[in-house]
Amino acid sequence: MADVLIIEDDATIRTALVRALSAREHSTMTAPTALDGLQSLVAHPPDVVLLDLGLPDLDGASLLAMIRAVSAVPVIVISARDDGAGIVALLDAGADDYLVKPFAADQLEARIRAVLRRSDSARPAGPLVVGPLVIDARARTAVLDGVPLELSPKEFDLLSYLAERPGEVVGKRELLSKVWNQPYGGADKTVDVHLHWLRRKLGESADEPRLLHRVRGVGVKLVPPP
Ligand code: CA
């Protein structure tokens, strides 16, 4: 089961896709234009995107480039044309797979499952360990010194993002972009507030850090204690 974002301007096809995917226990979001689709993707990050190439406001390649600037979500391109060269260009531009209309619902389901398997295996297989901190991305659990942490979803995402890059200084702009999906900037305060909460849950403070260290003027880094 996946959250599927359908970007398709043809209402008949959209409805048919929603029906087919819902019948297979997926949840769907729909967008009739490229810009609606992009907005939806940022507001509610889906597990997979179905992208119709013929949209009224932007061509598929431009939209794909915009999606790739903000997200690594798997994208399955749906093309009405039998456009070999265009499809190769889109796959090069970061599409994960494609289907040419008309296609059977079972075909679509098989493609969705295939791209989800691939994106799943791109995640770290085992738990992340940074000193006394153990993070299991699949179970979405974090344990510090053997004690489970009670983290909000965003706190968990933030901690995971830093734990995947131990010792690396990560800027607030990068955190806004990758954890909050706000590549065009936003309130730095959001990051500060969440870092503050996260520190409290880790039982430390900015002035007396143990794992989460502030690098003034640059960002933060997560490092195992000595
Ligand atoms: Ca279309």
Side-chain angles (χ1 to χ4, degrees), residues 2-5 27 29 31 37-49 63-75 94 96 115-116 118-144 148-206 209-225:
D3 291 329
V4 185
L5 172 60
S27 56
M29 292 170 287
L38 202 58
Q39 239 165 28
S40 182
L41 178 116
V42 169
H44 310 280
D47 298 317
V48 55
V49 175
L63 178 56
L64 184 59
M66 292 167 86
I67 291 175
R68 279 292 166 259
V70 301
S71 169
V73 66
V75 175
D96 295 85
V115 296
L116 287 177
R118 288 204 292 271
S119 71
D120 231 33
S121 59
R123 279 195 276 167
L128 288 165
V129 180
V130 180
L133 178 69
V134 181
I135 296 177
D136 187 331
R138 287 171 191 249
R140 288 187 71 83
T141 55
V143 173
L144 180 63
L149 295 173
E150 286 188 26
L151 302 175
S152 73
K154 270 297 172 243
E155 288 164 359
F156 182 84
D157 292 343
L158 177 59
L159 186 59
S160 298
Y161 190 83
L162 294 169
E164 283 164 13
R165 304 161 175 76
E168 196 180 303
V169 181
V170 180
K172 286 182 198 168
R173 179 52 59 89
E174 178 178 344
L175 291 172
L176 265 180
S177 166
K178 305 290 176 161
V179 179
W180 275 268
N181 245 320
Q182 292 184 12
Y184 309 114
D188 274 18
K189 204 91 193 128
T190 308
V191 178
D192 287 333
V193 167
H194 280 81
L195 285 170
H196 175 74
W197 288 336
L198 190 54
R199 282 194 180 95
R200 277 180 32 182
K201 293 193 179 170
L202 293 171
E204 57 183 68
S205 69
R210 182 178 169 222
L211 283 150
L212 188 54
H213 295 255
R214 177 169 57 187
V215 182
R216 216 172 266 286
V218 188
V220 289
K221 62 181 175 181
L222 193 72
V223 284

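Residues: numbered from 1 along the sequence shown.
Residues L162 and V170 are in side-chain contact: their nearest non-hydrogen atoms beyond the backbone lie under 4.5 Å apart. With a 4.5 Å cut-off on side-chain heavy atoms, V169 and V220 do not count as touching.
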Between side-chain atoms of residues 66-75 and protein atoms elsewhere (two or more places apart, or another chain), which donor-acceptor pairs fall under 3.5 Å?
unit_1: R68; atom_1: NE; unit_2: G94; atom_2: O; d: 3.0
unit_1: R68; atom_1: NH1; unit_2: S71; atom_2: O; d: 2.9
unit_1: R68; atom_1: NH1; unit_2: V73; atom_2: O; d: 3.0
unit_1: R68; atom_1: NH2; unit_2: V73; atom_2: O; d: 2.8
unit_1: R68; atom_1: NH2; unit_2: G94; atom_2: O; d: 2.9
unit_1: R68; atom_1: NH2; unit_2: D96; atom_2: OD1; d: 3.1
unit_1: S71; atom_1: OG; unit_2: V73; atom_2: N; d: 2.9

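Proximity of a side-chain donor or acceptor of E204 to a complementary backbone N or O of L211 within less than 3.5 Å is detected. Proximity of a side-chain donor or acceptor of K221 to a complementary backbone N or O of V215 within less than 3.5 Å is not detected. Under the 3.5 Å distance criterion, the side-chain polar atoms of D136 are left unmatched by any main-chain donor or acceptor of T141. Between the side chain of H194 and the main chain of T190, a donor-acceptor pair closer than 3.5 Å is present. With hydrogens and angles ignored, the 3.5 Å screen pairs no side-chain donor or acceptor of E155 with any backbone N or O of W197. S160 places a side-chain N or O within 3.5 Å of a backbone atom of F156 that can act as its donor or acceptor partner. A donor-acceptor pair is defined here as one N or O able to donate and one able to accept, closer than 3.5 Å; no such pair exists between the side chain of K172 and the backbone of K189.
Atom NZ of K178 sits about 14.5 Å away from atom CG of L158, to the nearest 0.5 Å. The CD1 atom of I135 sits 8.0 Å away from the CD atom of E164 when rounded to the nearest 0.5 Å. The distance from the CG atom of L159 to the CG atom of L222 is 6.0 Å, given to the nearest 0.5 Å. Rounded to the nearest 0.5 angstrom, S40 OG and M29 CE are separated by 5.0 Å. With values rounded to the nearest 0.5 angstrom, D3 atom CG is found 5.0 Å from D47 atom CG.
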**Message:** What verdict does the side-chain contact (heavy atoms from CB on, under 4.5 Å) test give for D157 and R140, after you've listed the backbone C-alpha separation in whole Å, the side-chain angles of each residue and the deciding distance to 0.1 Å?
**Reply:** CA-CA 9 Å; D157 292 343; R140 288 187 71 83; 2.9 Å; yes
**Prompt:** What's the verdict on side-chain contact (heavy atoms from CB on, under 4.5 Å) for L198 and L151, showing C-alpha distance, side-chain angles and the deciding distance?
**Reply:** CA-CA 8 Å; L198 190 54; L151 302 175; 4.0 Å; yes
**Request:** Determine, step by step, whether V48 and L5 satisfy the side-chain contact (heavy atoms from CB on, under 4.5 Å) criterion, reporting the C-alpha distance in whole Å, the side-chain angles of both residues, the deciding distance to 0.1 Å, and the verdict.
**Result:** CA-CA 6 Å; V48 55; L5 172 60; over 6 Å; no
**Request:** Using the salt bridge (Lys or Arg N to Asp or Glu O under 4.0 Å) rule, take R214 and D192 through it: C-alpha gap first, then chi angles, then the decisive distance, then the call.
**Result:** CA-CA 11 Å; R214 177 169 57 187; D192 287 333; over 6 Å; no
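In K154, the NZ atom is crowded: over 12 heavy atoms of neighbouring residues, nucleotides or ligands sit closer than 6.0 Å.
For R200, there are no salt bridge (Lys or Arg N to Asp or Glu O under 4.0 Å) partners, not counting sequence neighbours. Listed by chain and number, the residues in a salt bridge (Lys or Arg N to Asp or Glu O under 4.0 Å) with R210 are D145 (sequence neighbours excluded).
Annotation for P225 and P132: closest pair CD-CD, 3.5 Å, computed over non-hydrogen atoms.
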